[in-house]
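Data first, discussion second: the structure below is written as structure tokens.
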Amino acid sequence: MNKWVLIDGNSIANRAFYAIKPLTTSAGLNTNAVFGFTTMLLRLLEEEKPSHMLVAFDAGKVTFRHKDYGDYKGGRAKTPPELSEQFPLMKELLRSFGISQYELEGYEADDIIGTLSRIAEERGDEVVIVTGDKDMLQLATDRVTVLLTRKGVSEVERFSPAAIKEKYGLEPLQIIDLKGLMGDPSDNIPGIPGVGEKTALKLLHEYGSVEEVLAHSDELKGKMKEKVEQHKDDAIMSKELATIFREVPLEREPDELAYRGYDPAALAEAFRKLEFRSLIERLGLPGEGGAAADASADAAELDIVAIASEDETDKLSAMADALAQSQGVYIEAIGENPHHAVVLGLAVAAGGRVYAAALEALQGEAGAPIRSWLADAGAPKVGYDLHKAELALHWLGWELRGTAFDVQLAGYLLDPTDTSQTISGLAQRYGLPAVPTDESVYGKGAKFKVPDTETMLRHLAVKADAIVRIAVRQKEDLERDGMHRLYYELEQPLSAVLAGMEKQGIVVNAEALEQLGRELERDIAATMTEIYRLAGTEFNINSPKQLGDILFDKLGLPVIKKTKTGYSTDADVLEKLEPYHEIVPLILHFRQLSKLQSTYVEGLLKEIRRDTGKVHTYFRQTIAATGRLSSQFPNLQNIPIRLEEGRKIRKAFVPSEEGWYILAADYSQIELRVLAHISGDERLKEAFINDLDIHTKTAMDVFGVKAEEVDANMRRQAKAVNFGIVYGISDFGLSQNLNITRKEAAAFIDQYFAAFTGVRAYMDNIVAQARADGYVTTLLERRRYLPEIKASNFNLRSFAERTAMNTPIQGTAADIIKLAMVRMHERLKEQGLRSRMLLQVHDELVFEVPEDELETMKTLVPEVMENAIELDVPLKADVHYGVNWYEAK
DNA sequence: ATGGTCACG
DNA sequence: ACGTACGTGACCATT
């Protein structure tokens, strides 16, 4: 059977444009929408394997719909020039792909697709329609599936008539009625004012169509009745406008749309013009002049000396001699966890050559000069993820010092939202010679395999060479963006501090955890038995699906919230269900216990190293978009504390030496202090200068009462408002958190802003600034781009606005504690202290301290933390110590 | 691999 | 009208 893929070109291009970060060719031509469009085409070709394919575009400014309704698409914002200039590129690219495209004066892409899908269906063919426009769901049938883009263009949702029924409770054709009732502001289709999706769906479930709703308008009540009756004509017209016209006079024969694949040379040429090097490589397209664009093409230009074994002493000594002129180094450590990574080898770009040596070649005597070069703090190294390399080498007994520049770290500062700072990606960004991706060399997942040594070493060499070139460009960029000092004075030094903490590790007392585990086990078993008894059957309580069946189908409890796959059973929901059935609190209890058991008892026990008796976390410096650290393998930044049962886990975290103590110091209200500083709000500053209880103070101002009139509940609510402010407040979010109505939440927020006018001004300004600049910054000039701040999609835009409010606050707090860590590291060394910094938990630093240093550390740590930076308000750090982490409270 | 849930700041 | 609090990581069940 034939399969047709019909693409709504304008819709997909639009989605791609707003979803994908700005991207230009070296000549400055915008290509982000083309890029998104291309990846979408590639995925469709791969996944759908179409026999026929067509991309339809809107044509002309006036369509037949304008004849009936002059205002059609009236309110729509103009297409930005950055996008319009990309349409010719897309059309040209389609020719290179050999994919048909079509546009017809007076008709929209929808109508062309509607007509073709009808024709294809009549021939008995299968059709897949790809669009971002929900209206097109009206075309779905047993043979016609509609793929709607989600999350920009990276994901699609597949709609058959059954899926539409499930999601909206409507037949495909009723989608037209839906739009008739609710209208569509983006096309200036009026619908009935005051009727949104929720109301429209309710009406349609009841009456079935626009006509039936209008016929029964007398059954409606109040405002609704009034509106419907007033806007009958609008509803009818809106429905007509939303109806896709399926009789467009096409001048094409169906078989002209047959897709026969692309010519690799033509496609490669098109990609080269667009500078889509990664795609050329990903598809294995021919390079310029026809040679395959594989690693060897680029590597051929490199002068590589590959050293596979320690017998190659001449080469090894040549490598050792060249190290003095070394520029770039790449150390290959395989595996996500650097404490268990396997080092394959390293490559050094030096003196016009790249030396690449396998680990085996470096382990003997001939490798000694290379090992001492690695350990030499006076020998500067430019590399990629040297933090990971340092840890991986550590467990081999090798040292790595003298990190001068790291392109992964610099890449993160230049764009902290770019989740994969790979050498291949960085090379592409700067228009440098292509570097094969690690995936293309090693494969991934179950298919991961180290190739022959020769190939592996060549890959390392290419990466070492690229590092040097990338570094040059990044240094310019860091300077340009004002992040030079942030990099050299903060992040780069911090990297070594973190590696030191991670190598040190922290002792976890296995016996203590096992004891706790046995107690949990008893409680879990008893709880399970009771749950099964009340449910009348045994089931997997850990399965949200099975649990949902028991609670909502078997026991008939009310459904509070749904997830996309079924009933929601999260703690929020269960708490609301507590009064209905005695099984509910038991499930909450079970959840709490099994979380502790699996993640914190069993999980942590697995991470204790046999050789050190410690857990060695990996603090990642290039993950969090705000500038915070993250912690993995295990995550030691989320050890329980809020509930006493879980808090006991902390008793297992103990000092590594007899008679030492765990000392923990945490910033008090650092984020609100930062907010006071950057907003300049006088009242908030005043509160901190006088060291008031900030939540009580907030309650006084929000509720307009005196200090002694603030009760626990008022303080709790004020605290939630303060959290909300830091997160980029919304009335809905606050109402959820406090279990109050949206109106009440909105009133709190208004009260807050009336009192803290400087905070309101800051929130307004930062959003405006993000709009104008496209990014926000922290106090130390850390930057985060927010392209979605201009999105027309309300959700995307709102999210970006909240992020604009939150990131400078969270990020500045992160800057400050990072500064404190670097200073603290220096002070410990300068003062010859034996105390060791072990952990950072966002606003807290954890140390192990010998008894005779307790007094010193009790003053030194808060002093360093409080003076890490000078703000308009004082910083405050509290310090506690004890024989374990639990007692340090 | 993905989604749901829950631990932390 | 829209559907939400900001930032993470680990575990389990399910595909």
Side-chain angles (χ1 to χ4, degrees), chain A residues 155 182-186 191 193-200 416 444-446 540-548 561-574 588 591-592 594-600 602-604 606-607 617-620 623-643 646-647 649-650 666-667 669-671 720-721 723-738 742 745 749 784 792-799 801-811 813-814 817 840-844:
Chain A
E155 284 174 27
M182 64 186 270
D184 183 348
S186 72
V195 173
E197 185 172 303
K198 289 241 163 79
T199 317
K444 68 166 176 181
N540 186 345
I541 311 169
N542 276 321
S543 160
K545 189 163 169 283
Q546 295 182 34
L547 179 61
K561 181 163 76 166
K562 289 191 133 193
T563 67
K564 56 179 119 175
T565 51
Y567 306 118
S568 171
T569 67
D570 65 23
D572 224 48
V573 168
L574 294 181
L588 282 165
R591 282 250 177 97
Q592 191 199 345
S594 63
K595 177 83 179 181
L596 290 175
Q597 184 76 302
S598 67
T599 303
Y600 297 105
E602 292 165 359
L604 217 42
K606 279 188 217 137
E607 296 290 343
T617 190
Y618 175 33
F619 285 112
R620 298 207 58 183
I623 299 295
T626 54
R628 276 190 176 181
L629 299 177
S630 84
S631 159
Q632 296 178 325
F633 318 128
N635 180 355
L636 295 185
Q637 292 182 320
N638 71 346
I639 303 301
I641 189 166
R642 292 174 190 168
L643 300 173
R647 192 173 195 157
I649 297 283
R650 294 182 173 228
D666 66 303
Y667 279 112
Q669 303 297 348
I670 188 167
E671 293 191 338
V721 172
F723 269 96
I725 293 293
V726 169
Y727 291 159
I729 196 139
S730 74
D731 51 11
F732 187 91
L734 182 64
S735 72
Q736 288 291 301
N737 190 285
L738 284 176
R742 238 169 114 145
I749 295 168
R784 177 174 182 179
S792 56
N793 179 308
F794 176 88
N795 274 328
L796 292 178
R797 190 177 64 245
S798 302
F799 190 23
E801 287 169 358
R802 292 194 297 270
T803 310
M805 299 184 228
N806 172 263
T807 294
I809 302 172
Q810 193 183 119
I817 194 165
Q840 186 250 43
V841 193
H842 309 307
D843 66 353
E844 175 186 14

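Small disclaimer: the values here were computed from a predicted structure and weren't measured.
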d([atom1], [X]; [atom2], [N]) in whole Å:
X: A:L636; N: B:dG9; atom1: CG; atom2: C1'; value: 14 Å
X: A:D572; N: C:dT4; atom1: CG; atom2: P; value: 13 Å
X: A:K444; N: B:dA1; atom1: NZ; atom2: P; value: 7 Å
X: A:L547; N: B:dG3; atom1: CG; atom2: C1'; value: 15 Å
X: A:L588; N: B:dT5; atom1: CG; atom2: C1'; value: 12 Å
X: A:K564; N: B:dG4; atom1: NZ; atom2: P; value: 6 Å
X: A:F799; N: C:dC2; atom1: CZ; atom2: C1'; value: 16 Å
X: A:L596; N: B:dT5; atom1: CG; atom2: C1'; value: 14 Å

Considering all heavy atoms, the nearest [X]-[Y] contact:
X: A:F619; Y: A:Q637; answer: CE2-NE2, 4.0 Å
X: A:R591; Y: A:A571; answer: NH1-N, 4.4 Å
X: A:I725; Y: A:I729; answer: N-CD1, 3.9 Å
X: A:A624; Y: A:P416; answer: O-CB, 4.4 Å
X: A:D570; Y: A:K561; answer: OD2-NZ, 2.9 Å
X: A:I670; Y: A:A813; answer: CG2-CB, 4.0 Å

**Sub-4.5 Å side-chain heavy-atom contact between A:Q632 and A:I623** =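 No; the side chains remain at least 4.5 Å from each other.
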**Asked** Reading nucleotides 9-15 of chain C from the 5' end, what letters show protein touch, with B for base, S for backbone sugar-phosphate only, - for no heavy atom under 4.0 Å?
**Response** BBSSSS-
**Asked** So what is the 5' to 3' dot-bracket string for DNA chain C, if pairs are Watson-Crick or G-U wobble with both distances under 3.5 Å, crossing pairs use [ ] and | means the partner sits on another strand?
**Response** .....|||||||||.
Need one value for [X]: base, sugar-phosphate or nothing, where a base atom within 4.0 Å counts as base even if backbone is also close, heavy atoms only.
X: A:A571; value: sugar-phosphate
X: A:S594; value: nothing
X: A:I641; value: sugar-phosphate
X: A:I639; value: sugar-phosphate
X: A:T199; value: nothing
X: A:D843; value: sugar-phosphate
X: A:V841; value: sugar-phosphate
X: A:A745; value: nothing

**Item:** DNA chain C: 5'-proximal contact among A:G728 and A:A625 (nearest heavy atom)
**Value:**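 Residue closer to the 5' terminus by nearest nucleotide: A:G728.
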Ignoring backbone atoms, test whether [X] places a side-chain nitrogen or oxygen under 4.0 Å from the OP1 or OP2 oxygen of [N].
X: A:R628; N: B:dC8; answer: no
X: A:R802; N: C:dC6; answer: yes
X: A:T563; N: B:dG4; answer: yes
X: A:S730; N: C:dG3; answer: no

Measure from the side-chain heavy atoms of [X] and tell me the nearest of [options].
X: A:N795; options: C:dA5, C:dC2, B:dG3; answer: C:dC2
X: A:T565; options: B:dG4, C:dT4, C:dG7; answer: B:dG4
X: A:Y727; options: B:dT5, C:dC6, C:dG3; answer: C:dC6
X: A:R642; options: C:dG3, B:dT5, B:dG9; answer: B:dG9

**Message:** On the side chain of A:R591, is there an atom forming a donor-acceptor pair with the base of B:dT5 - under 3.5 Å, no angle test?
**Reply:**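 No.
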**Request:** Look at the side chain of A:Q810 and the base of C:dC6, then say whether one donor and one acceptor between them are separated by less than 3.5 Å.
**Result:**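 Such a pair exists between side chain and base.
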**Prompt:** Using atom P of each nucleotide, how far apart are B:dA7 and C:dG3 to the nearest Å?
**Reply:**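 Rounded to whole Å, the distance is 29 Å.
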**Request:** Between B:dC6 and C:dC2, how far apart are the P atoms? Round to whole Å, please.
**Result:**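 Pairwise P distance, C:dC2 against B:dC6, rounds to 27 Å.
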**Counterpart residues, ring pair (Phe, Tyr, Trp, His ring centres under 6.0 Å), relative to A:F633 (two or more places apart)** =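 A:F633 satisfies ring pair (Phe, Tyr, Trp, His ring centres under 6.0 Å) with no residue once adjacent residues are dropped.
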Strictly distance-based, threshold 3.5 Å: is any side-chain N or O of [X] a donor or acceptor partner for the main-chain N or O of [Y]?
X: A:T569; Y: A:P544; value: no
X: A:T617; Y: A:P634; value: yes
X: A:R797; Y: A:S792; value: yes

**Request:** Give, for atom OG1 of A:T803 and atom CZ of A:R784, the distance between the pair rounded to the nearest 0.5 Å.
**Result:**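 If we round to the nearest 0.5 Å, A:T803:OG1 and A:R784:CZ are 5.0 Å apart.
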